[in-house]
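Below is one structure, written out as structure tokens, with a few remarks after it.
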Amino acid sequence: MAKPSYSTPLGMVDILPDQTPSWRALEQIIHEEAAKFNFQEIRTPILEPTKLIKRGIGQLTDIVTKEIFAFQKGDTNYTLRPELTAPVVRSFVQHHLDQRGGVQKLYYIGPMFRAERPQKGRQRQFHQFGLEVIGSADSVADIETIAFMMRIYQRIGIKNFTLKLNSIGDLESRERYKQVLRDDLEPHRSKLSELSQQRLEKNPMRILDSKEPEDQEYIAKAPKIQDYLNEDSTIHFEKVKHGLQVLDIPFEVDTYLVRGMDYYTRTAFELSSPDLGSQDALAGGGRYDLLVEEIGGKPTPAVGFAAGMERLLIACEELNISLSEKSVLDIYIVSLGEEARNWALSFLPELRSHGLSASMDYTGRSMKAQMKEANREHTRFTIIAGENELNNRAFILRDMNKSVEVNLSAKEIISTVLAHKSRPK
RNA sequence: GAGCCCGUAGCUCAGUCGGUUAGAGCGCCAGGUUGUGGCCCUGGAGGCCGUGGGUUCAAUCCCCAUCGGGCUCCCCA
């Protein structure tokens, strides 16, 4: 056996046939729930101009400074998309979706790329689903966004998680707070972690998110954003909290929750699970009222979230939740001899046209080998067609669960199997 | 970017304190049943023991490097 010469790039995996059913089931759930919420799917390219990604997510964010896959082709710099909010907003602006009237309620499913060191629950190519509500400043948009997110986990049966909620204020509130925070931390500058020192000028709020032990004392004593929100932001935050309470969605306010992308304003939230290990964020999102304008559109408020599909599937595994059932083949035709094989081949389309799944041996092996194959494929019925059966036009239909056989014509076989399928279990 | 652990059959793993043909279970293939699966029995295929170099009479085992994987920190989905 030759050693494999090629393998997937670091941090990227093949999703093999025994895993695709779970993926498809998850995708199915997302599509169904999105339809119930009246969201429409959007699909955008895997590549985006690097400029868009940098502008959208923020030049100084971790994602942009060290995690993007970027390359040049001709005069253009491209980036493999690390998230989809900025691309969806780009699409919204590019195609003037605001001109269609109303609020754009969009959802997506697809691969994202970040050049990080892989570990459990973190890959370089991973998949997210998420949604973006563009064109509403109302708290209902925030609440419905969170409600959709929670609905997916609820439907799947993942209950062990924490929803953290915060408001990081609008532009005015935030600029005021940033200055207050800077003034508060500056005297302790030399005692802060190196990373936090760097953040002090550019993005002091990210310090609140620091896990460095030396920072904790100062973070705890630092002024809280809630005390610096202006009236609009405060009212908005109160409405969001109230809405979640009305919907019985439990949450905890975390004044230190600051998300990793620069575009967030006001509402920020994150869903984390103890079933995931160190990469415990299942999903996250927030409001981004300035991004559309930043990218070249008219000032347009928006809110959205993104969820990690691999992490969701890991949680399912930990909780022994299976999203899909074993697929069952309706009919496998065992045939013996050239003539019977030809008959089997010609009978397959007829079976399939009646909505049945049907297959046969592709290798010309022994009857026993064919039966083994039928068993391995979890076949419900096997048709046995040898010379005798072919001559008499009376085939054997074997019920693989009961190990019972009957002689039937081709027509009778179809009606028997169809009747069996339509019977309630 | 930093730290720790690990690379032996398709999969999960034994093993060799360095010494003739490297093992098991599962899976795969075939036979036992000249036309019958799942259980059982028998047999078979499948490994230059991740790769390169070093030490040695001798390396899958020791040493170094490298690649790959896992976990952690940072950050995030």
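All of these numbers come straight from a predicted model, not from anything done at the bench. Letters A, B, ... are given to chains in the order of the sequence lines, protein chains preceding strands, and every chain is numbered from 1.
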Phosphate OP1/OP2 of B:U72 contacted by A:R122 side-chain N/O (<4.0 Å): no
hbond_proxy A:E116 side chain to B:A77 base (donor-acceptor, 3.5 Å cutoff): yes
B:G50 to B:G68 separation - C1' atoms, rounded to the nearest Å: 7 Å
Sugar-phosphate only, base, or nothing, as touched by A:E83 at under 4.0 Å among non-hydrogen atoms: nothing
A:Q370 CD - B:U36 P separation (whole Å): 12 Å
Short side-chain to backbone donor-acceptor contact, A:Q19 and A:L16, under 3.5 Å: yes
Nearest-Å distance for atom pair CZ/C1', residues A:R380 and B:G37: 14 Å
Parallel, tilted or perpendicular, as decided by the 30° and 60° cut-offs, for the rings of A:H420 and A:F381: perpendicular
Nucleotide nearest A:K120 when distance is taken to its side chain, options B:C71, B:C75, B:C28: B:C71
A:R365 vs B:G31: side-chain N/O to OP1/OP2 distance below 4.0 Å: no
Side-chain donor/acceptor of A:Y332 to backbone N/O of A:D361, under 3.5 Å: yes
Side-chain donor/acceptor contact of A:E405 with base of B:U36 under 3.5 Å: yes
Sugar-phosphate, base or nothing in reach of A:A283, heavy atoms under 4.0 Å: sugar-phosphate
Whole angstrom value for the distance that separates P of B:G27 from CG of A:N375: 12 Å
Gap in Å between the two P atoms, one belonging to B:U8 and one to B:C61, rounded: 13 Å
Whole-angstrom distance between B:G3 and B:C64, as gauged at atom P: 16 Å
Touch class at under 4.0 angstrom, heavy-atom based, for A:G130 against every strand present: nothing
Pairwise distance CD1(A:I158) to CG(A:L319) - rounded to 0.5 angstrom: 6.0 Å
Nucleotide opposite B:C74 in a Watson-Crick or G-U pair, distances under 3.5 Å: none
Whole angstrom value for the distance that separates P of B:G1 from CZ of A:R124: 9 Å
Sugar-phosphate, base or nothing in reach of A:R259, heavy atoms under 4.0 Å: sugar-phosphate
Sugar-phosphate, base or nothing in reach of A:I396, heavy atoms under 4.0 Å: base
Geometric class of the A:F39/A:F37 ring pair [parallel <30°, tilted 30-60°, perpendicular >60°]: tilted
Along RNA chain B (nearest heavy atom to each residue), the more 5'-positioned of A:K368 and A:I384: A:K368
Atom C1', compared across B:G19 and B:C62: separation rounded to whole Å: 14 Å
Touch class at under 4.0 angstrom, heavy-atom based, for A:R398 against every strand present: base
More than 12 heavy atoms from other groups under 6.0 Å of NZ on A:K224: yes
Short side-chain N/O contact from A:R311 to OP1 or OP2 of B:C76, under 4.0 Å: no
P-based separation of B:A77 from B:C6 [nearest Å]: 33 Å
Watson-Crick or G-U wobble mate for B:A58, both contacts under 3.5 Å: none
Selected nucleotide, minimal atom distance to A:M371 side chain, candidates B:G31, B:C71, B:U36: B:U36
Assigned partner base of B:U36, Watson-Crick or wobble definition, under 3.5 Å: none
Rounded distance in Å - CG (A:L26) to C1' (B:A77): 13 Å
Sugar-phosphate only, base, or nothing, as touched by A:L10 at under 4.0 Å among non-hydrogen atoms: sugar-phosphate
Touch class at under 4.0 angstrom, heavy-atom based, for A:E373 against every strand present: nothing
Whole angstrom value for the distance that separates C1' of B:C73 from CG of A:D280: 14 Å
Test side-chain contact (heavy atoms from CB on, under 4.5 Å) applied to A:E310 and A:R122, step by step: CA-CA 8 Å; A:E310 280 83 359; A:R122 174 195 282 166; over 6 Å; no
Inter-nucleotide P distance (B:C67, B:C11), Å rounded: 23 Å
Sugar-phosphate, base or nothing in reach of A:E389, heavy atoms under 4.0 Å: base
Separation of atom CD1 in A:I333 from atom C1' in B:U36, rounded to whole Å: 16 Å
Touch class at under 4.0 angstrom, heavy-atom based, for A:T382 against every strand present: nothing
Pairing partner (Watson-Crick or G-U wobble, both distances under 3.5 angstrom) of B:A65: B:U51
Candidate nucleotides B:U36, B:G38, B:C28, ranked by approach to the side chain of A:S403 - the nearest: B:G38
Rounded distance in Å - CD (A:E67) to P (B:C73): 15 Å
Check: A:Y177 ring centre within less than 6.0 Å of A:Y228 ring centre: yes
Presence of A:Q119 side-chain N/O under 4.0 Å of B:U72 phosphate oxygens OP1/OP2: yes
Reported CD-to-OG distance for the pair A:E132 and A:S91, which is rounded to 0.5 angstrom: 11.5 Å
Pair assignment for B:A22, Watson-Crick or G-U wobble, requiring both distances under 3.5 Å: none
Sugar-phosphate only, base, or nothing, as touched by A:Q123 at under 4.0 Å among non-hydrogen atoms: base
Pair of N/O donor and acceptor under 3.5 Å linking B:C73 base with A:R117 side chain: no
Same-atom distance (P) from B:C49 to B:U20, integer angstrom: 15 Å
Sugar-phosphate only, base, or nothing, as touched by A:K372 at under 4.0 Å among non-hydrogen atoms: sugar-phosphate
B:G43 to B:G52 separation - P atoms, rounded to the nearest Å: 35 Å
For B:G43, the Watson-Crick or wobble counterpart (both distances under 3.5 Å): B:C29
